[in-house]
J.: 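Below is the structure I would like to discuss, written out as structure tokens.
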Amino acid sequence: MKPIEMKPNVYWVGGIDWDLRYFHGYVTPRGSTYNSYLIIDDKITLVDTVKHYLADEMLERISTLVDPEKIDYMLVNHVEMDHSGSVPRVMEAAPRATIVTTSKAKRALEMHYKKDWEYMIVKTGDELKIGSRTLKFVETPMVHWPDNMVTYIPEERLLLSNDAFGQHIASTERFVDELGWDIVREEAASYYANIVFPYGAQVMKALDVVDTLPLDMIAPSHGLIWRSYLPELLKEYRKWAGNETDRKALVVYDTMWGSTRKMALALREGLETSGVPVTMKSLQTSHISEIVPHLLTAKLVLVGSPTINNGMLPTMAAFLTYIKGLRPKKRTGFAFGSYGWGGQGAREVASVLKDMGWEMPEETVNLQYVPGKEDLAGLKEIGTRLAKAI
Ligand code: FEO
């Protein structure tokens, strides 16, 4: 249970969740970490905690450095329980500690834990001297809860960013350069797509503040710490927050007897032959949270469902409910599907895509029973036209 020194007397003391595979609807094949940071200065400060079941692991790490009783400040950047779940254990171990947090977070902590703790309420622009270091606070509401805040330490050029810039990865490595940009970037994109996507406007405001800070390290509350690739990371965040996409397509479908799949393959052929890279995802083999990272950067999104019981397949309804909540903008969409009678499935898909404000340059294609050669040729042609449209 070794702490990791990130800067002189600033330590990672978090918990590693090797077995985590599900995070409120988001599958996490690489597990996760909850990063707490201990700053040893005139005032001993713990920044965020870990899920409740990793409290012992965190406290053991802290105990190798200081007696937890000596903690002066429990800084809470965000109340979601993956970060505040061990605050009650810390406050038992450090009864004279004061919780430093925003007024919204104080209310949320009271509602979560029903405890009468000592609080110091801070807001954007406030500073707290803890000895040779200063904690500067910036509220970042709705990135991604109302209570979110980040903390900047100018003397260390260090930003403690909580959920922002995080990734769900369990590893013995603590720094991005130790594991490699490709893996960490992929998981950071997945994290953004599944957690932060709806809040692009708020992320842009936060990025404008971050851009003014001299920085050589960003320490999020999940995954690896960024001491390299900072410009690359901030560039990616701006792209994602601005709904800037690449000229590529995502085809998402489910199928009952293979007809909607045949339609998907014909569309893919039209796109591919027009030079548009395509990612195909069947809802039978991919979890919705594995699909949305592709949605994050695809300009064109083609969505196909057959009709069952006068509507779309329930798997497609779940996918569309999920992405509606993520509020992807500036996409071009296309709906398709097969049916036996009725044909409501593809029409329902089209209605959701239109409701999200997407461009829909082609009419929905709804084919009865099994597509024939001409039908498939027509779909290939639609793929070609959609490629031209983006
Ligand atoms: Fe990682 Fe919003 O909690």
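Whatever order the structure lists them in is the order used to number ligands and atoms, beginning at 1. Numbers here simply count residues along the sequence, with the first being 1.
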J.: How many angstroms lie between atom CZ of Arg261 and atom OG of Ser282, to the nearest 0.5 angstrom?
T.: 8.0 Å

J.: Quick test of your reading of the model: are Glu178 and Arg227 salt-bridged, counting only N-O distances below 4.0 Å?
T.: yes

J.: Which N, O or S atom name in His78 marks its closest approach to atom 2 (Fe) of ligand 1?
T.: NE2

J.: Between atom CE of Met356 and atom CG of Leu326, what is the distance when rounded to the nearest 0.5 Å?
T.: 9.5 Å

J.: For the atoms OD1 of Asp163 and OD2 of Asp82, give the angle they form at atom 1 (Fe) of ligand 1, rounded to 10 degrees.
T.: 170°

J.: Can you tell whether the side chains of Asp147 and Lys104 come within less than 4.0 Å, N to carboxylate O?
T.: no

J.: At atom 1 (Fe) of ligand 1, what's the angle from His222 NE2 to His83 NE2, rounded to 10 degrees?
T.: 90°

J.: Of the backbone and side-chain N, O or S atoms of Glu80, does one lie nearer to atom 2 (Fe) of ligand 1 than 2.8 Å?
T.: yes

